[in-house]
Amino acid sequence: MQKTAHIVGAGISGLSAAVRLANASFKVHVHEATQQAGGRCRSYFDAATNLTIDNGNHLLLSGNRHAVAYARSIGTEAGLVGPKRARFPFVDLTTGRRWQLDLGDSRLPLWLFDKDRRVPDTNLRDYLALMPLVWAGHEKLVGDAIPCDGTLYQRLVQPLLLAALNVDPPEGSAGLAGAVVRETLLAGGQACRPLIARDGLSAVLVEPAVRLLQGKGASIAFGHELRELGITADRVGSLKFGADDVIPIGPEDAVVMAVPARPAAALLPGLKTPTKFRAIVNAHFRFDPPKDLPPITGVVGGLVEWLFAFPQRLSVTISNGDRLVDMPREELARAIWRDVCKASGVQGELPPWQIVRERRATFEATPEQNALRPGASTALKNLFLAGDWTDTGLPATIEGSVRSGNRAADLVLAMRRA
Ligand SMILES: Cc1cc2nc3c(=O)[nH]c(=O)nc-3n(C[C@H](O)[C@H](O)[C@H](O)COP(=O)(O)OP(=O)(O)OC[C@H]3O[C@@H](n4cnc5c(N)ncnc54)[C@H](O)[C@@H]3O)c2cc1C
């Protein structure tokens with residue numbers, strides 16, 4: 001008889017679990033609270049700019065091998081586009097200085113030995129001082145592991161770790177930062193090519209997964225919010241969506257709960273989860289980017305941190321954005337546009353814009369919050385957890401989400417064999 005798996009939450013974690021289980025011939029039912037799949041990684045039509053935009057610019061690196069494999073499994077690896085070589089142009093808005101970090105295309109970090117490819121005005125010793133991050137334990141702060149000042153910090157380490165951890169780097173978990181450094185900078189240029197879903201997050205990472213699942217006979221119910229787990233002894237016996245909407249869970253069936261940390265804690269009493277989160281702010285401007293503007297530019301010394309050039313659109317990302325959450329929207333748009341003009345060399349009045357402030361974009365990647373992340377197994381034999389906030393060993397990223405979904409699916413498969 002065909003085994004059944006219920007996946008609660010259709011973000012990247014839930015979708016990756018669902019795809020893996022559907023490929024393993026499970027009958028899959030996905031339950032999503034909202035009317036759209038993708039969760040924190042989604043696109044939508046925005047009337048203010050008259051464009052389809054993403055809730056946030058998402059950057060993957062070629063070394064995010066589980067995320068790339070997920071895209072391959074849904075047939076959209078080619079939709080993740082980026083330069084052939086791992087080159088990152090940067091601009092410092094305080095001095096106007098521009099430089100390019102050229103990580104090359106090797107499997108080894110050979111760029112460290114070439115002063116023309118390193119960050120300007122840095123030497124090999126500066127990079128060696130970062131080594132303690134590589135083996136740092138999870139209880140340690142970045143600020144206690146490495147020097148958080150100087151040229152290398154300001155021009156590379158701060159922008160990289162701020163983007164990866166979504167906290168001010170010195171207060172971040174050195175263990176999580178170390179995982180990022182090991183899987184990117186230390187893995188050579190081949191692992192660091194920037195990849196962007198140029199046609200939009202939903203078109204590349206979400207909708208094809210939904211179509212694949214439907215093609216395999218899976219059901220996807222939107223507007224179907226799980227309200228309660230019916231627990232009997234050591235198992236989930238039912239899923240309660242409403243008074244008249246209760247789905248019994250058969251003895252051989254499994255449930256993957258792939259919802260964010262807060263609803264997960266509410267649904268499963270006693271579950272330990274991260275409790276603190278940080279915002280990410282994105283601004284989108286309807287503006288044709290200059291032809292010579294690279295797809296991604298790192299920006300230091302301003303409000304903007306990363307500038308993305310898309311067809312018809314300039315877009316920026318600002319991490320650790322809690323300080324901007326209550327700022328009046330137009331004031332914020334104008335301040336960001338001033339930085340965009342300086343960074344890209346464009347001029348002009350404020351074009352049509354949209355600001356997206358995701359208040360709980362990621363859990364706070366501090367040692368304290370990292371220690372609250374649970375694994376994928378639970379005390380209930382047929383309930384498994386997925387989500388970027390579970391203990392993936394990585395900060396909250398697409399790569400971590402896919403890993404968590406795969407892990408939960410593998411545990412379901414192991415349950416079948418047991
Ligand atoms: C603005 C922004 C920028 C980012 N930038 C990057 C980046 O550059 N690179 C990167 O790798 N990562 C980035 N991330 C992180 C990345 O988006 C997340 O790690 C990832 O999308 C999390 O996926 P998830 O499936 O774990 O959770 P979610 O996307 O939160 O999905 C959970 C789903 O569960 C649903 N749900 C909740 N409660 C219930 C319920 N009771 N019943 C049914 N369904 C429910 C939700 O509606 C949601 O669809 C960014 C995130 C944001 C917000």
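As the structure lists them, so they are numbered: ligands from 1, and atoms in each ligand from 1. As the structure is a prediction and not an experimental result, all values here were calculated from the model. Atom set for the values below is all heavy atoms of this structure, side chains included, hydrogens, waters and symmetry mates excluded.
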Show the atoms of ligand 1 that are less than 4.0 angstrom away from any heavy atom in [X].
| X | value |
| --- | --- |
| Asn57 | 5 (N), 8 (O) |
| Gly38 | 29 (O) |
| Asn282 | 1 (C) |
| Gly387 | 26 (O) |
| Thr397 | 10 (C), 11 (O), 12 (N), 19 (O) |

Does [X] reach ligand 1 with a nitrogen or oxygen that is under 3.5 Å from one of the ligand's nitrogen or oxygen atoms?
| X | answer |
| --- | --- |
| Leu59 | yes |
| Gly14 | no |
| Thr34 | no |

**Report entry** Closest approach of Gln2 to Lys27 (non-hydrogen atoms, all atoms of both residues)
**Finding:** NE2-N, 3.5 Å

**Report entry** For the student: nearest non-hydrogen atoms of Leu324 and Leu332, plus distance
**Finding:** O-CD2, 4.0 Å

Query raised in the report: Are the charged groups of Arg118 and Asp126 less than 4.0 angstrom apart, N to O?
Result: no

Ignoring hydrogens and angles, state whether a donor on the side chain of [X] or [Y] is under 3.5 Å from an acceptor on the partner side chain.
| X | Y | answer |
| --- | --- | --- |
| Asn370 | Arg373 | yes |
| His284 | Thr49 | no |
| Asn406 | Ser16 | no |
| Arg329 | Gln354 | yes |
| Tyr44 | Thr52 | no |

Identify the closest protein heavy atom to [atom]: which residue and atom is it, and at what distance?
| atom | value |
| --- | --- |
| atom 51 (C) of ligand 1 | His58 NE2, 3.6 Å |
| atom 39 (C) of ligand 1 | Val259 CG1, 3.5 Å |
| atom 48 (C) of ligand 1 | Glu32 OE1, 3.5 Å |
| atom 10 (C) of ligand 1 | Ile398 N, 3.5 Å |
| atom 53 (C) of ligand 1 | Ala361 CB, 3.5 Å |
| atom 41 (N) of ligand 1 | Leu226 O, 3.0 Å |
| atom 19 (O) of ligand 1 | Asp388 OD2, 2.7 Å |
| atom 25 (O) of ligand 1 | Ser13 N, 2.9 Å |

Given that the side chain starts at C-beta and the backbone is N, CA, C, O, which of these parts of [X] lies under 4.0 Å from ligand 1, counting heavy atoms, or is it both or neither?
| X | value |
| --- | --- |
| Ser404 | neither |
| Val356 | neither |
| His31 | backbone |
| Ser401 | side chain |
| Glu358 | side chain |

Query raised in the report: Which residue, Thr362, Asp322, Thr366, Asn320, forms the side-chain hydrogen bond (donor to acceptor under 3.5 Å, both in side chains) with Arg278?
Result: Asn320

**Report entry** Aromatic contact, Trp306 with Phe90 (centres under 6.0 Å)
**Finding:** yes

Query raised in the report: For the rings on Trp111 and Tyr127, is their centre-to-centre separation under 6.0 Å?
Result: yes

For residues 197-210, which side-chain N or O atoms pair as donor and acceptor with protein atoms under 3.5 Å away, sequence neighbours left out?
residue : atom : partner : partner atom : Å
Ser202  : OG   : Ser43   : N            : 2.8
Ser202  : OG   : Ser43   : OG           : 3.4

Requested in this report: Compare Ala258, Ala17, Cys41, Gly9 and give the one whose heavy atom is closest to atom 32 (C) of ligand 1.
Outcome: Ala258

Report summary line: In terms of its nearest heavy atom to atom 31 (O) of ligand 1, the top option of Ala10, Gly11, Gly321 is Gly11

Query raised in the report: Closer than 4.0 angstrom: is that true for some heavy atom of His224 and an atom of ligand 1?
Result: yes

Query - Rounded distance (nearest 0.5 Å) linking atom CG of Leu156 with atom CG of Leu161 - result: 8.5 Å

